[in-house]
Visitor: 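Structure below; questions to follow.
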Amino acid sequence: MINTTILSWVTFVYFAAFVFYLFRMILGREFWGKLATGTALAGLVAQSAALIIRWIASYDLGMGHAPLSNFYESLVFFAWTIVLLYLLMEWRLKNRSIGVFVVPVAFLIMAYASIAPGINQKIEPLIPALQSNWLISHVLTCFMGYAAFTVAFALGIMFFVKKAAGTNSSKSSVFIRLLPSEHQMDELMYSCAALGFIFLTLGIVTGSVWAHYAWGAYWQWDPKETWSLITWLVYAMMLHTRLVRGWRGKRMAIMAIVGFACVLFTYLGVNFLPSLHSYMA
Amino acid sequence: MSKNKSGIWSFFSSVRLAIVLLSLLAFFALIGTLVPQREAAGELAAHLSPGLFSFLQKLQIFDLYHSVWFFLLMALLAVSIIICSLDRLPMVWRRFRMRPEPQNENAFKDLTEESAFLSKSDVSKAADIAALLLKKKYRNFARADEADSVFLCAQKGRFSSFGVYIVHLSLLILIAGALIGSVFGIEAYVNITEGETVSVVNLRNGKQALPLRFSVRCDKFTVEFYKTGAPKTFQSDLTFLKDNKVAHSGKLLVNHPIEFEGFRFYQSSYGAAPGGKATLALLRSDGRRDVINVGQGYAFDLPGKEGTFQVLRVEENLMKMGPAIKVAVQSKKEEVTFWVFQQIDEIKQANPEIIQQTPVFNPGLFRPYTFVLLGLEEKYYTGLQVSRDPGTPVVATAALLLIGGLLIILFSYARQIWIRIDREKDQVHIRVAGRSYKNQAGLQKEVRYLIAELKDNLGNFK
Ligand code: HEM
């Protein structure tokens with residue numbers, strides 16, 4: 001199918017964008033930065049086109065649903081939201097240094113979607129439970145939240161990279177000097193976590209509304225629900241420790257990384273837990 | 001409010017406790033996903049000693065989210081939120097009521113260079129321009145004029161300090177709603193075979209039955225499949241009867257529940273029900289042909305009173321050879337049982353010897369009749385989830401408040417702006433200062449914006 005072909009090419013485009021961001025950070029020339037941004041943007045446009053083509057194709061197959069319904073599609077959408085959010089941030093902040101940590105995450109997700117065994121790339125029909133308008137709003141909000149948490153995570157890693165390089169900035173490499181200041185990273189990390197928290201809240205609420213219509217209970221303590229609550233609580237703690245107890249810098253970076261681990265577990269890990277949520281007999 | 005800082009009060013008003021409670025809750029949830037809960041705990045019982053299992057059961061480890069521990073944690077969280085909010089309310093209220101004074105030396109104390117500039121203009125003109133700008137962008141504008149100086153101030157976003165209160169209040173409402181649900185709510189299920197009526201449902205916990213004050217009939221169940229074999233839609237046509245009179249009827253689909261008398265019915269599963277109907281033709285050697293509808297267990301007299309026959313089994317697909325029914329015919333002389341396949345002609349074509357090899361596959365085993373199975377009507381049961389949760393509207397309100405409060409917190413913040421204009425020889429010295437408890441970065445941006453606007457407007461004015 002043409003859309004999966006485009007999407008596998010997009011994987012390489014994101015890899016190229018990552019390499020260009022890396023060149024910029026090592027060589028310190030803004031030319032590479034511009035090239036990286038252009039490449040990432042081209043990847044995003046191509047990916048959006050592929051998603052639209054896939055959406056249309058599902059209508060041609062007589063199924064007609066947004067490309068958000070199976071694991072492959074959710075991975076692709078996850079990568080899409082990460083790149084979208086990152087490019088928006090780059091544009092708003094006029095700072096390209098975060099790209100070298102965020103874009104590879106999008107690349108890895110796309111690569112996983114393309115090559116991991118057992119991932120079905122076909123357009124699949126929607127089982128009755130998924131035939132709901134809440135599906136789109138639920139997936140959209142959850143993944144916007146996940147994307148914001150991903151950027152916060154990348155900032156957390158950046159923070160430790162900068163910290164490890166030491167404070168003597170005159171001796172440090174171009175790479176380290178190009179990174180935002182610790183204070184800036186701390187502020188950004190908080191902004192991303194707060195944004196993600198709102199989106200995750202919206203995601204949990206829309207998910208509950210949907211569950212209310214589909215299963216007859218807005219909350220069932222299913223492992224996925226429970227882990228999204230755990231994730232939500234971790235970020236709630238992150239907000240409180242910062243605002244009220246004044247945690248900054250290293251502690252925030254640790255929270256951002258722990259929070260992202262919870263996101264990943266909510267998204268992938270719960271498949272390994274016993275689930276009562278067997279809807280389809 | 002008098003600040004009664006007793007030990008208990010400060011214990012509950014500390015945010016450290018809040019963080020401990022949030023991490024406890026997260027830990028609790030974590031345990032709940034690792035230890036099988038409710039029905040699933042049964043499997044674990046086989047691997048543990050009975051003593052240990054019943055001990056853990058007493059601790060409510062297998063129903064954590066309905067345990068005393070959980071309620072206790074929720075109660076502590078609620079108390080903590082209430083006390084913490086009350087504790088901070090006077091301060092927040094003071095901040096809310098406070099109007100900035102135009103003359104404020106403190107605000108200009110640690111001003112950076114970029115927050116000030118010199119311009120060739122006169123004080124009153126510069127002040128008018130600045131006043132216009134502040135009035136346009138802010139509220140509660142105030143101005144104080146002195147001989148060689150003008151002081152201006154304004155503020156914005158005062159209400160945003162209540163965003164946090166809305167969020168925390170919504171959490172209290174959420175806890176209340178969940179509590180109402182778990183005390184007064186009902187979760188049950190029932191399977192109804194097509195054509196049947198039920199007035200009792202099975203509770204999910206405790207395995208008790210709950211009689212309803214009405215009854216539900218499943219008139220028909222339909223399922224459609226995609227080409228891949230996955231189900232596309234399933235639908236039950238339900239009729240609700242009250243005092244044996246039809247009170248309501250409707251189509252129940254997944255994602256489209258039906259509400260009746262406070263109970264919500266959800267389409268949750270389906271299955272093949274035993275006892276579908278078969279349409280059977282009876283051919284007699286003299287040419288007589290009868291068609292009858294039979295179900296499992298039905299017994300009839302044969303049309304010519306040669307005996308009685310009974311349907312023993314109805315199979316949708318017997319030994320991969322298609323639909324079949326097993327019948328027994330009893331006459332005064334003999335009793336024979338045999339299978340009647342719908343696709344007997346195809347079966348014979350594939351294996352011409354079959355009737356000789358397996359006489360019970362011969363539909364003409366009882367003379368003078370030959371039985372022909374014309375078709376099977378499949379019969380389904382529909383699986384319904386039945387629930388009642390009076391806490392749902394409460395929880396929904398809480399969710400809306402939570403989102404609204406978070407949006408207020410994210411998109412607005414309280415700040416105060418001061419502008420001070422002083423004559424310095426033939427120039428004016430303009431300084432802009434701001435104060436915000438929360439968003440320093442946003443405030444700096446606004447101050448920069450104000451400076452740029454002022455420079456621009458003063459330049460144009462010349
Ligand atoms: C699941 C539980 C909770 C959630 C989701 C939650 C959420 C929030 C949010 C979103 C903020 C605002 C952050 C900001 O201004 O950007 C906040 C602030 C705050 N929360 Fe909570 N909270 C929870 C529990 C608690 C508890 C139990 C306490 C009580 C001790 C508490 C005390 C506070 C305080 C004191 C602030 C700071 C208010 C300020 O900035 O003036 N929170 N909370």
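Hydrogens, waters and symmetry mates are skipped; everything else that's a heavy atom, side chains included, is used. Lettering follows sequence order; numbering is per chain, from 1.
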Visitor: For the pair B:Val395 and A:Trp219, evaluate side-chain contact (heavy atoms from CB on, under 4.5 Å) and give the outcome as yes or no after the intermediate values.
Guide: CA-CA 11 Å; B:Val395 171; A:Trp219 192 266; over 6 Å; no
Visitor: Just how far is it from atom CG of B:Leu402 to atom CG of A:Leu202, taken to the nearest 0.5 Å?
Guide: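 CG of A:Leu202 is found 8.5 Å from CG of B:Leu402.
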Visitor: At what distance, to the nearest 0.5 angstrom, does CG of B:Leu22 lie from CH2 of A:Trp232?
Guide: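 Answer rounded to 0.5 Å: 8.5 Å.
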Visitor: Looking at B:Lys232, I'd like to know if its NZ atom is crowded, meaning that more than 12 non-hydrogen atoms belonging to other residues, nucleotides or ligands lie closer than 6.0 Å.
Guide: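 Count not over threshold, so no.
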Visitor: For the interface with chain B, which of A:Leu195, A:Thr201, A:Val205, A:Ile198 has the highest count of heavy-atom pairs at distances below 4.5 Å?
Guide: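 Result: the option with the highest number of such pairs is A:Ile198.
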Visitor: For B:Asn202, does the CG atom sit with more than 12 other heavy atoms under 6.0 Å from it, leaving out its own atoms?
Guide: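 Yes.
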Visitor: How long is the span from the CD atom in A:Glu225 to the OG1 atom in B:Thr33, to the nearest 0.5 Å?
Guide: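 Between atom CD of A:Glu225 and atom OG1 of B:Thr33 there are 12.5 Å.
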Visitor: Would you mind checking which part of A:Trp210 comes under 4.5 Å of any heavy atom in chain B, side chain (CB onward), backbone (N, CA, C, O), both or neither?
Guide: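 When you check distances to chain B, atoms from both the backbone and side chain of A:Trp210 fall under 4.5 Å.
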Visitor: Pick one of side chain, backbone, both or neither for B:Leu407, based on which atoms fall under 4.5 Å of a heavy atom in chain A.
Guide: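 For B:Leu407, the contact with chain A is made by backbone and side chain together.
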Visitor: Does the side chain of A:Ile230 come within less than 4.5 Å of B:Phe27's, by heavy atoms?
Guide: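 No. Closest side-chain heavy atoms not under 4.5 Å.
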Visitor: Can the ring centroids of B:Phe70 and A:Trp221 be said to lie less than 6.0 angstrom from one another?
Guide: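 Here the rings of A:Trp221 and B:Phe70 have centres that are less than 6.0 Å from each other.
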Visitor: Please report the closest heavy-atom contact between B:Ile19 and A:Met237, naming both atoms and the distance.
Guide: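 Shortest heavy-atom separation between B:Ile19 and A:Met237 comes out as O-SD, 3.9 Å.
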Visitor: At a 4.5 Å cut-off on heavy atoms, which part of B:Arg388 comes close to chain A: side chain, backbone, both, or neither?
Guide: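 No part of it gets close to chain A.
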Visitor: Does any backbone or side-chain atom of A:Ser208 lie under 4.5 Å from a heavy atom of chain B? Answer side chain, backbone, both or neither.
Guide: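 Interface part for A:Ser208: neither.
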Visitor: Checking B:Ala396 against chain A: side chain, backbone, both or neither under 4.5 Å from a heavy atom?
Guide: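 Neither the backbone nor the side chain of B:Ala396 comes within 4.5 Å of chain A.
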Visitor: Roughly how far, to the nearest 0.5 Å, is CG of A:Leu233 from CG of B:Leu21?
Guide: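 That separation rounds to 11.0 Å.
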Visitor: Side chain of A:Tyr213, backbone of B:Tyr266: donor and acceptor closer than 3.5 Å?
Guide: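 No, A:Tyr213 side chain to B:Tyr266 backbone: no donor-acceptor pair under 3.5 Å.
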Visitor: Quick one: closest heavy-atom pair of B:Ser387 and A:Gly216, and the distance?
Guide: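 Minimum heavy-atom separation between B:Ser387 and A:Gly216: OG-O, 3.0 Å.
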Visitor: Would you say B:Phe184 has more than 12 foreign heavy atoms packed within less than 6.0 Å of its CZ?
Guide: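 Not buried by this count: 12 neighbours or fewer within 6.0 Å.
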Visitor: Any non-hydrogen side-chain atom of A:Glu187 less than 4.5 Å from a side-chain atom of B:Gln440?
Guide: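 They are not in contact (no side-chain heavy atoms under 4.5 Å apart), so the answer is no.
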Visitor: Surrounding NE2 of B:His66 (heavy atoms of other residues, nucleotides or ligands, distance under 6.0 Å), is the total greater than 12?
Guide: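 Enclosed.
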Visitor: What part of B:Leu30 is in contact with chain A, defined as an atom under 4.5 angstrom from a non-hydrogen atom: side chain, backbone, both or neither?
Guide: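 The answer is both parts of B:Leu30.
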